[in-house]
Amino acid sequence: KEKLKYRESKKLSKKHIFLRVFSKITISVCVFCAFFISPVFAILPAGFTELEYIESTGTQYIDTGYIWTTDNAIVETEVYRTEDVTSGHGIYGNQKGTQHGLTLYKFGSSGTSTYGAQFGENGTTISTNLSLQTWYTLAQITDGNTIRFSVNQVEQSQSIKKTLDKTNSVYLFTSHYNTGTDGYAKIRCKYFKLIDDGTLVRNLVPAKRNSDGEIGMYDTVSGTFFTNQGTGEFIAGPVVEIKIATTKMVDEEFAAAEAKLATTVQTIESVVSRTITQTGQIQVLQDTKQTRPDESCPANMKCLLVQDENGTPHWYPIIEP
């Protein structure tokens, strides 16, 4: 691009071009440094410690307090089954009578790993297997007339979607069934998101409240700390370390940017030098007694003399770095 600009205007010296491009690259490198070397801030407010996950032992659950308002709903989460429990327990969800929200529910007897993602009236089900001691990223979606359920970004199947329950709030670590719970899961959870008609309404992050050590999930959308509504206590996962990024952390990235900068500068110099050599129309003058048709080049300055297609000379000052 710089070469094209030079050929079109013929008003830029080699150093003009070099300095112009060098300044742009320098700004880019500075932005890169500012982004990677700036502190990495916690996503939770003061008074809370972010955890990698929280773990339920089979008697704890969280009431997100959110009730679906439309039939266009999404649940996203990442979970890990620590051990098996008997049939009839939910990992998350809600149901009122014959109407379901987005629910992940276990079927079969103890020892099996078959779970059904239930949706709508009469519990239309998509089955999947969730093995023990494995992290799974789950997404459950209602969209138009279909339902979709994916495990680790792999879609399981689709079915007809029916009306979602808009009476019961969504539970995590169990399913909100009619007026109570529907069995408890033994899982770890890294995050839990609810999206209603395209709007993020819950973004639950595992956290510890520093004032009393309470373990729960902090919602970054509503600013609410959701705690255990069952018995016993959640188990806290490792603390997420808030690190201050340093140049050491980005040595490879910085070295790559520096190498790219050097290569770019060499390319520019080569292109400009080759262009000057090929045209044969450019001379560098420092003769202050030279008769000049304009005042564009002040006295005692090194200037670039360029002849246009008609042979008319033009002088341009060379800006020393």
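Along the sequence shown, residues are numbered consecutively beginning with 1. Quick caveat: nothing in here was measured; it's all calculated off a predicted structure.
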Trainee: Are the side chains of His89 and Ser175 in touch, meaning some heavy atoms are under 4.5 Å apart?
Mentor: no
Trainee: Of Val240, Leu44, Leu51, which meets side-chain contact (heavy atoms from CB on, under 4.5 Å) against Pro206?
Mentor: Leu51
Trainee: Between Thr181 and Thr174 (side chain of the first, backbone of the second, donor and acceptor by atom type, cut-off under 3.5 Å), is there such a pair?
Mentor: no
Trainee: Could you check Cys189 against Met217 for side chain to side chain contact (heavy atoms under 4.5 Å, CB included), going step by step and ending with a plain yes or no?
Mentor: CA-CA 10 Å; Cys189 183; Met217 301 284 268; 4.0 Å; yes
Trainee: Contact between Val154 and Phe149 at the side-chain level, heavy atoms closer than 4.5 Å - yes or no?
Mentor: no
Trainee: Test the Arg209-Phe48 pair against the cation-pi criterion, namely NZ or CZ under 6.0 angstrom from the six-membered ring centroid and within 45° of the ring axis.
Mentor: no
Trainee: Tell me if the centroids of the rings in Phe173 and Phe234 come within less than 6.0 Å of each other.
Mentor: yes
Trainee: Side chain to side chain donor-acceptor pair (under 3.5 Å) between Tyr92 and Gln140: does it pass, once the steps are laid out?
Mentor: CA-CA 11 Å; Tyr92 60 77; Gln140 197 167 346; 2.3 Å; yes
Trainee: Could you tell me which residues satisfy salt bridge (Lys or Arg N to Asp or Glu O under 4.0 Å) with Lys186, sequence neighbours excluded, listed by chain and number?
Mentor: Glu83
Trainee: Would you name the heavy atoms of Val151 and Tyr136 that are closest together and state the gap between them?
Mentor: CG1-CD2, 3.5 Å
Trainee: Is the backbone N or O of Thr57 less than 3.5 Å from a side-chain atom of Gln60, with the two atoms forming a donor-acceptor pair by type?
Mentor: yes
Trainee: Does the side chain to side chain contact (heavy atoms under 4.5 Å, CB included) test come out yes or no for Val170 and Leu194, once each step is laid out?
Mentor: CA-CA 9 Å; Val170 179; Leu194 302 180; 4.0 Å; yes
Trainee: Can you see which heavy atom on Ile195 is nearest to which on Trp68, and at what distance?
Mentor: O-CZ3, 3.5 Å
Trainee: With a 3.5 Å cut-off and no angle check, do the side chains of Thr142 and Asp71 form a donor-acceptor pair?
Mentor: no
Trainee: Using 0.5 Å steps for rounding, measure from the CD1 atom of Ile235 to the CD1 atom of Ile54.
Mentor: 10.5 Å
Trainee: About how many Å separate CG of Leu204 and OH of Tyr218, when rounded to the nearest 0.5 Å?
Mentor: 11.5 Å
Trainee: Supply the atom-to-atom distance Ile91 CD1 to Leu138 CG, rounded to the nearest 0.5 angstrom.
Mentor: 7.0 Å
Trainee: Any side-chain to backbone donor/acceptor pair from Ser169 onto Thr64? Under 3.5 Å, distance only.
Mentor: no
Trainee: CG/Asp63 to CG/Asn228 distance, rounded to the nearest 0.5 angstrom?
Mentor: 11.5 Å
Trainee: Report yes or no: do Ile67 and Tyr177 belong to one cluster of Ile/Leu/Val/Met/Phe/Trp/Tyr joined by side chain heavy-atom distances under 4.5 Å?
Mentor: no
Trainee: Could you tell me whether the side chain of Gln229 and the main chain of Thr227 form a donor-acceptor pair under 3.5 Å?
Mentor: yes
Trainee: Any idea which heavy atoms bring Glu76 and Ile74 closest together, and the distance?
Mentor: CG-CG2, 3.9 Å
Trainee: Mind listing the closest non-hydrogen atom pair of Tyr53 and Pro238 along with its distance?
Mentor: CE2-CD, 3.5 Å
Trainee: Got a second to check how far Thr49's OG1 is from Ile215's CD1, nearest 0.5 Å?
Mentor: 8.5 Å
Trainee: How long is the straight-line distance from CZ of Phe226 back to CZ of Phe192, given to the nearest 0.5 Å?
Mentor: 11.0 Å
Trainee: Cluster question for you: counting only ILVMFWY and a side-chain heavy-atom cut-off of under 4.5 Å, with indirect links fine, are Tyr184 and Tyr80 together?
Mentor: no
Trainee: Closest heavy-atom contact between Leu132 and Thr82?
Mentor: CD2-C, 4.2 Å
Trainee: Is there a path of hydrophobic side-chain contacts, each under 4.5 Å between heavy atoms of I, L, V, M, F, W or Y residues, that connects Tyr66 with Ile62?
Mentor: yes
Trainee: Mind checking what makes side-chain contact (heavy atoms from CB on, under 4.5 Å) contact with Asn168, not counting sequence neighbours?
Mentor: Asn94, Lys96, Asp165, His176
Trainee: Using the salt bridge (Lys or Arg N to Asp or Glu O under 4.0 Å) rule, collect all pairs that involve residues 213-227, keeping only residues at least two apart or in two chains.
Mentor: Arg202-Asp219
Trainee: For residues Val221 and Leu200, determine if any side-chain heavy atom of one lies less than 4.5 Å from a side-chain heavy atom of the other.
Mentor: yes
